[in-house]
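Accompanying notes for the structure given below.
Below, chain A is the first sequence line, B the second, and so on; all start at residue 1.
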Amino acid sequence: MNSELKIYNTLNRETSIFKPIHAGLVGMYVCGPTVYSNAHLGNARTYISFDIMFRYFLHLGYKVRYVRNITDAGHLEGDRDEGEDKFAKKAKLEQLEPMEIVQKYSLDFHEVLRQFNTLPPSIEPTATGHIIEQIEMTKKIIANGYAYESNGSIYFDVEKFSKAYNYTALSNRNLDELLNNTRTLDGQDEKKGRLDFALWIKAKPEHIMRWQSPWGEGFPGWHLECSAMSSKYLGNEFDIHGGGMDLVPTHHTNEIAQNIACHHTQPARYWVHTNMLTVNGQKMSKSLGNSFLPAELFSGNHPLLERGYSPMTVRFFMLQAHYRSTLDLSNEALQAAEKGLARLLNACKLASQLKTGNVSSFSVEELKDKVYAALNEDFNTPIALANLFEAVKYVNLVNDGKETLTAADQAALAQFLNQMVKDVLGLKPEQEAGTEKIDGLMKMLISMRAEAKNKKDFATSDFIRDQLKEIGIEIKDGKEGTSFSIL
RNA sequence: GGUACCGUGGCCGAGCGGCUAGGCAAAGCUCUGCAAAAGCUUCUACAACAGUUCGAAUCUGUUCGGUACCUCCA
């Protein structure tokens, strides 16, 4: 492999060679979910994208510390800092304790990511578990002069900050326009500036989730937790910070401001942002009501779906697009993905069973170079897959006896294919046939049917096939005998 | 309104100055008692108009269409 990994950095809008701060180590922080409702498919796309990066770093031999938080407090509804706490609101709605809400949707989130075969992060810290760190950080920011107290709440002074630093470096927005465009405040607002955001919020009497602080009882602002936890576990400066693109203008912008105001340094070298999943060309989001829940997709129980698709089909579907492009969800696209994935996985299996010859008419090294080159080009999974499909075709040709491979090349190809598909892309075969007992039964039925076929008793052989089909088992007559799959 | 981004064959999607991915669908073929599955082959597109260039899907400009952000969202 002769190319180096390049990553697109939102900070300077350039793709550049990745150089870790400490050789051999990668520190990566990704903004996790706010666990007040079910994770939808758009959320899943983001975490699948970062899972690919995580897996690829591991594959390249890096030691990775992957931190992904759980937001279980402090995230408010609606207008910046005035809305209701999301957990409190949902808790009222579902008649549960806020922490029951947190537990319920954390479990859901983990279950969804497990189904998509994403690797768990190294550390998964929660906001409520780091209140002390957040209070400390707030104190420091106040001491450094970039935050002020107002009626028991602490706000970040964006205007003051922007005089010393470039507040909009990440979003590349015009600060003056932002100042003028932001919604007019009503008179009772506690903030000095329009863009100021809360670091610490004074709890109203009815607020359940509250903690003691030097400024009275309250709870932390949403942006603060990521700053506090990333610096705690990865240091004041680390390699990669990621999240969905929609976090750029507000959440990540504020996070950077907090870190600079506290530690005098920008937290991450590379800012990586994933693009949105769309449905009929529109962003999938909770507020638009066009969300797909993974469970709905798997079962097909959704008005826009004709039938269900497996988690691996969905994962493959997502990998066919680059993580920085929008991706549109549709029945046809999912069907295409389903078949493509089956072909790919079949070739993985076939590759290790190929008959070998004296010469190879295919260069495994060349394939490897192409696949690595693709992944090194900002994790370009669609191109990597395109190259893997060249190998799929070749595997099939060898299997048909139209091309040949030496034993060494066959082993190398089989290993590489499986490593890429399973370890790096995280695609695994669906649940294999079934239990031993089912396998035994099927073996018996298949041999009975073969016997009937030999006697040209096609009525019996077709009866077996049709009956099995009805209970959801499909029989396929191949060259190497008959196989079956459970639908 | 402001600011970005995007418009690729029937569909999904890469590519981002020359060599014109890949998947699915379709057609033909192979295999087959039939079927299904599988495999092989074929199918040359880049919104429109103008410009730069020896050469543009790729660069520039204009127009049309779409999306996102500016308010919580991955």
Can you check nucleotides 15-19 of chain B for protein contacts, nitrogen or oxygen pairs under 3.5 Å, and list what you find?
| unit_1 | atom_1 | unit_2 | atom_2 | d |
| --- | --- | --- | --- | --- |
| B:rG15 | OP1 | A:N380 | ND2 | 3.0 |

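Residues that satisfy the ring pair (Phe, Tyr, Trp, His ring centres under 6.0 Å) test with A:F161, not counting sequence neighbours, are A:Y146, A:F156, A:Y165. Scored by the side-chain hydrogen bond (donor to acceptor under 3.5 Å, both in side chains) test, A:D51 finds A:R55, A:R315 as partners (sequence neighbours excluded). Residues passing the salt bridge (Lys or Arg N to Asp or Glu O under 4.0 Å) test with A:K92, sequence neighbours excluded: A:E84. Partners of A:F316 according to the ring pair (Phe, Tyr, Trp, His ring centres under 6.0 Å) rule, which considers only residues two or more places apart in sequence or in another chain, do not exist here. By the side-chain hydrogen bond (donor to acceptor under 3.5 Å, both in side chains) test, A:E338 pairs with A:R307, sequence neighbours left out. Annotation: side-chain hydrogen bond (donor to acceptor under 3.5 Å, both in side chains) contacts of A:S106 (sequence neighbours excluded): none. A search for salt bridge (Lys or Arg N to Asp or Glu O under 4.0 Å) contacts involving A:D246 returns A:K283, not counting sequence neighbours.
Side-chain atoms of A:N346 and base atoms of B:rG39 include no donor and acceptor less than 3.5 Å apart. For A:R173 and B:rC70, a side-chain-to-base donor-acceptor distance below 3.5 Å is absent, hydrogens and geometry of angles not being considered. Put simply, the side chain of A:R465 and the base of B:rA36 share no donor and acceptor less than 3.5 Å apart. If you check distances only, the side chain of A:N275 never reaches the base of B:rA68 with a donor-acceptor pair under 3.5 Å.
Toward the 5′ end of RNA chain B lies the nearest nucleotide of A:Q320, the other residue of the pair A:Q320 and A:K453 mapping further downstream. Residue order along RNA chain B, read from the 5' end via each residue's closest nucleotide, puts A:E332 first among A:M276 and A:E332.
Judged by the 6.0 Å distance and 45° axis criteria, A:R68 is positioned over the aromatic ring of A:Y47.
Taking atom NZ of residue A:K393 and atom C1' of nucleotide B:rA38, one finds them 16 Å apart after rounding to whole Å. One atom, CD of A:Q353, and another, P of B:rA38, lie 17 Å apart when rounded to the nearest Å. As a whole-Å value, the separation of A:D462 CG from B:rA37 P is 16 Å.
Pair assignment for B:rC5 gives B:rG66, based on Watson-Crick or G-U wobble hydrogen-bonding distances that are each under 3.5 Å. Using N1 to N3 plus N6-O4 or O6-N4 for Watson-Crick, or N1-O2 and O6-N3 for G-U wobble, each under 3.5 Å, B:rA45 pairs with nothing. Across all strands shown, B:rG17 remains unpaired; no Watson-Crick or G-U wobble contact has both distances below 3.5 Å. Nucleotide B:rC24 forms a Watson-Crick or G-U wobble pair with B:rG10, both donor-acceptor distances falling under 3.5 Å. When Watson-Crick and G-U wobble pairs are counted only if both distances are under 3.5 Å, B:rU52 pairs with no nucleotide at all. B:rA38 and B:rU30 make up a base pair, with Watson-Crick or G-U wobble contacts both under 3.5 Å.
A stacking contact between A:F389 and B:rG23 is absent: the pair does not combine a ring-centre distance of less than 5.5 Å to the base's six-membered ring with planes differing by less than 30°.
Using atom C1' as the reference point in both B:rG61 and B:rA56, the two lie 15 Å apart (nearest Å). Nucleotides B:rC6 and B:rC19 are separated by 22 Å at their P atoms, to the nearest Å.
An OP1 or OP2 oxygen of B:rA35 is reached within less than 4.0 angstrom by no side-chain nitrogen or oxygen of A:K476. At B:rC24, one or more side-chain N or O atoms of A:R343 fall inside 4.0 Å of OP1 or OP2 (strictly under the cut-off).
A centroid separation of less than 6.0 Å is found between the aromatic rings of A:F298 and A:F116.
Ring geometry, A:F197 versus A:H223: the interplanar angle exceeds 60°, so the pair is classed perpendicular (tilted spans 30 to 60°).
Of all heavy-atom pairs between A:D328 and A:G281, the closest is OD1-N, 2.8 Å.
Scanning residues 107-126 of chain A for heavy-atom distances under 4.0 Å to RNA chain B yields an empty list.
Among the nucleotides B:rG39, B:rC12, B:rC70, the one closest to any side-chain atom of A:D400 is B:rG39. Among the nucleotides B:rC40, B:rC70, B:rG13, the one closest to any side-chain atom of A:N396 is B:rC40. When the nucleotides B:rG33, B:rC70, B:rU67 are ranked by their closest atom to the side chain of A:Q282, B:rU67 comes out on top.
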